[in-house]
Structure formats: structure tokens, C-alpha cells
Novice: 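Below are the C-alpha cells for one structure; questions will follow.
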2 protein chains.
Amino acid sequence: MAKDLDPDSMHCNCPVTTTLEILGGRWKPIILYCLQDGPVRFNALKRMIPGITQRMLTLSLRELETDGLILRHVREVVPPHVDYAMSPLGDSLRPVLHAMNEWGAYYRTQTTPQKARSDAA
Amino acid sequence: MAKDLDPDSMHCNCPVTTTLEILGGRWKPIILYCLQDGPVRFNALKRMIPGITQRMLTLSLRELETDGLILRHVREVVPPHVDYAMSPLGDSLRPVLHAMNEWGAYYRTQTTPQKARSDAA
DNA sequence: ATAGGTAGTATCAAATTAGGTACTGGAAAC
DNA sequence: GTTTCCAGTACCTAATTTGATACTACCTAT
């Protein structure tokens, strides 16, 4: 997803694009999904999301944190514990995630079970 | 945006991801936005979206069409007219786009006017 | 006769995003 | 004393997405 678009090229300056920039990417939605029910630690997330590499998890968490959607809390024990939790701003995203979830589910019912586009590709 | 993810790698099989695959990309949201108030022709879209190339417009429209969100109608006149309109399925996306629009606007009010992340990058 | 509008394609290059593998350092468990 | 867990970082490559430019073919207006 393109960050830092040239404002001049964005004639509509559409807030939808802002949302997409923040939610976009391969891993962010599932991370947010995993944090919905309370704080989760780094390696716990890694186990909850098979297929993600440490690198991608770190990068995605950093971006979510920079965008203010999640909070990172380091407990200075040994070994260090770091847990990630939804921020209030992240919480405000819930209705959006919910709408997207509903629509995605609906969309699947409306397309042929054999996944039309994947087959075409 | 990654199409055709390996289902095995998607443990949550999250509908949000489906929505993101379909809405994602640089130009799709703005195209949908432009079609909200009725059919628009190819070159009219091009003029409404400064910065888009013909190629990207064509590709984006093709994908939106393949995903069933828009309808392509060729009028066999000379020169040929092609207009693009929201399909019923595309219409069903409106609440989602609306939620994303609201949140994107809200998000902008919650972050420093100087665009924290762009500056950090 | 030349230029401009219609809706695109084709080809190549650049930018962005994602993934793979190896590595860190300290503590605890075996 | 070697391995494992913790939360990462560094480095390099692969895949995907986007962009620039040039081209098509037909018709109309000047």
C-alpha cells in the first residue's frame, strides 16, 4: 500500500484511502483481529498467526503502533515481556472492521464457490 | 495487495481480508467514489482522477468488473462509448465505504496536523 | 490534410511490499 | 554446558504493483 501519497495527485483526498493505508497490507487485519479480546504478547501473536515471519510481525506491529492503533508495553522482567493491546483509536476502528467483515462474508456468498477470479488468473 | 493467498497460510480466513483484496490498491476506492452518482465514461473517469494513467485505469476497471462491483456497458455508436456503473454488489459496498470514510476523517482529526508518520519516514 | 477525441494495448522500468535466513544477548531449564 | 525462550535486528532476494511511453484503429471537425 502506498504511504505518503503526493497530495497533489490525490484530487479527491479521500478519507477512504487514509483508512486503506492504515489497514492495508497482508498482516495488519489479522493482527488487529487477534488483539480484539485483550493484550497479547509477541510470541503469542506469532503462534496465533501461522505463516508470519518475525520480521513481518515486527514491521506490522511497528506500523500499527506508529499509526496509533495499538499500544506496546514492555515489562522489564527477564526475559522481557512485551504485550500489545488495542489503543482507544484502534478500538474506534471496530465498526469499520465489523462492516468489512460483514461485507466480505456476504461477498463470498454472492460469488461462485469455486472462486471465480482465482480460477480466471 | 496479494490476490489468491494460499488458504493454508490464512489461518483466520478472515472476511476482512477478502474485502481488503477487493478494495485495495491505489485507484479502486477513488474510482468507486467517482461512480457513486451514476455511470461515467472511460475518459471522463480519466479526467476526474488526475494522475491516473490509462493503463492503471483500465486495469483497475477490469478488476472491479471481474469482482462484480461495476458493470461495463459498450454502446455501439461511433466513436464507441463505454460507460461504467455500480453493480448491485458494488452498491452493497456503500455502507463499508461510508464507514471507512467516516473513520478516515476521524483519524485525521486525531493525529497531528503535520502528519506524524510522513515526517518520521 | 492534420489534429483531436473515442477506448483501449504493448512493452519496459521503477517502486513498493513481502519473505528467507541468520544472528543477537541474557536467563532459565535440562 | 548445551539448548530453549524472549523479542527482536540485519541483510538479501523475490514477488507484486505501479508508472512512463508509445502505439492501435476509427471517426469528426477544421
Side-chain angles (χ1 to χ4, degrees), chain A residues 1-6 8-10 17 20-31 39-67 70-85 117-118 121, chain B residues 1-6 8-10 17 20-31 39-67 70-85 117-118 121:
Chain A
M1 190 95 344
K3 321 292 192 210
D4 309 325
L5 292 175
D6 174 13
D8 295 343
S9 74
M10 290 216 45
T17 305
L20 245 11
E21 284 174 22
I22 284 160
L23 238 51
R26 170 100 193 254
W27 303 107
K28 286 181 191 175
I30 187 173
I31 291 172
V40 184
R41 287 173 54 190
F42 184 89
N43 276 351
L45 276 172
K46 190 152 73 83
R47 279 186 295 264
M48 290 167 89
I49 309 174
I52 199 171
T53 59
Q54 287 185 310
R55 179 186 134 82
M56 289 315 294
L57 183 53
T58 303
L59 288 179
S60 305
L61 288 169
R62 288 289 175 278
E63 284 189 31
L64 289 170
E65 194 195 354
T66 312
D67 291 336
I70 63 174
L71 268 11
R72 178 173 182 268
H73 179 232
V74 182
R75 277 183 285 152
E76 291 289 4
V77 295
V78 277
H81 287 194
V82 179
D83 38 35
Y84 294 90
R117 193 174 51 178
S118 303
Chain B
M1 192 96 342
K3 322 288 193 212
D4 310 325
L5 293 175
D6 175 13
D8 296 342
S9 73
M10 288 216 45
T17 304
L20 244 12
E21 283 173 24
I22 284 162
L23 237 51
R26 170 99 193 253
W27 303 106
K28 286 180 190 175
I30 188 174
I31 291 172
V40 183
R41 288 171 55 187
F42 185 89
N43 276 351
L45 276 171
K46 191 152 74 80
R47 281 187 294 267
M48 290 167 87
I49 309 174
I52 198 170
T53 58
Q54 286 185 310
R55 178 187 135 83
M56 289 315 294
L57 183 53
T58 304
L59 288 179
S60 305
L61 288 169
R62 288 288 174 280
E63 284 189 32
L64 288 170
E65 194 195 355
T66 313
D67 290 337
I70 64 175
L71 267 12
R72 177 172 183 270
H73 179 233
V74 182
R75 278 184 285 152
E76 292 288 3
V77 296
V78 279
H81 287 194
V82 179
D83 39 35
Y84 294 92
R117 191 173 54 178
S118 302

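Within every chain, numbering begins at 1; the chains are lettered A, B, ... in the order of the sequence lines, protein sequences first and strands thereafter. Side-chain atoms are counted along with the backbone in the values below, which use heavy atoms only and exclude waters and symmetry mates.
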Novice: Can you check the B/Leu59 CG to D/dT18 C1' distance for me, whole Å?
Specialist: 9 Å
Novice: Heavy atoms under 4.0 Å is the rule here; annotate nucleotides 4-14 of chain D 5' to 3' with B where the base is hit, S where only the sugar-phosphate is, and - elsewhere.
Specialist: --SBBB-B---
Novice: Locate the shortest heavy-atom distance separating B/Leu20 from A/Pro29; write the atom from each residue and the value.
Specialist: CD2-CG, 3.3 Å
Novice: Going by atom type alone, with no hydrogens or angles, which donor-acceptor pairs under 3.5 Å involve a side-chain atom of residues 45-54 of chain A and a protein atom two or more places apart or on another chain?
Specialist:
unit_1	atom_1	unit_2	atom_2	d
A/Thr53	OG1	A/Met56	N	3.1

Novice: B/Arg75 has an atom CZ; how far is it from atom P of C/dG8, in whole Å?
Specialist: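 Distance check: B/Arg75 CZ to C/dG8 P gives 13 Å.
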Novice: What is the distance, rounded to the nearest whole Å, between atom NZ of B/Lys46 and atom C1' of C/dG5?
Specialist: 10 Å
Novice: Rounded to whole angstroms, how far apart are CE on B/Met56 and P on C/dA7?
Specialist: 19 Å
Novice: Provide, to the nearest angstrom, the distance between the CD atom belonging to A/Glu21 and the C1' atom belonging to C/dT16.
Specialist: 13 Å
Novice: Would you mind reading off the distance between B/Ile49 atom CD1 and D/dG19 atom P, rounded to a whole angstrom?
Specialist: 12 Å
Novice: Listed by chain and number, what are the side chain to side chain donor-acceptor pair (under 3.5 Å) partners of A/Arg41, not counting sequence neighbours?
Specialist: A/His81
Novice: Without decimals, in angstroms, what is the distance between B/Leu45 CG and C/dG8 C1'?
Specialist: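 After rounding, the reported distance stands at 14 Å.
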Novice: For residues 74-84 of chain A, pull every pair meeting salt bridge (charged side-chain N to carboxylate O under 4.0 Å, His left out), keeping only residues two or more places apart or in separate chains.
Specialist: A/Arg75-A/Asp83
Novice: For C/dG19, does either OP1 or OP2 sit under 4.0 Å from a side-chain N or O belonging to A/Arg26?
Specialist: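 A/Arg26 to C/dG19 OP1/OP2: side-chain N or O found under 4.0 Å.
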Novice: Closest heavy-atom contact between A/Glu63 and A/Lys28?
Specialist: OE1-NZ, 2.7 Å
Novice: Could you tell me how far apart A/Glu63 (CD) and C/dT16 (C1') are, to the nearest whole angstrom?
Specialist: 11 Å
Novice: Taking side chain to side chain donor-acceptor pair (under 3.5 Å) as the test, write out the residues that go with A/Arg72, two or more places apart.
Specialist: A/Tyr84
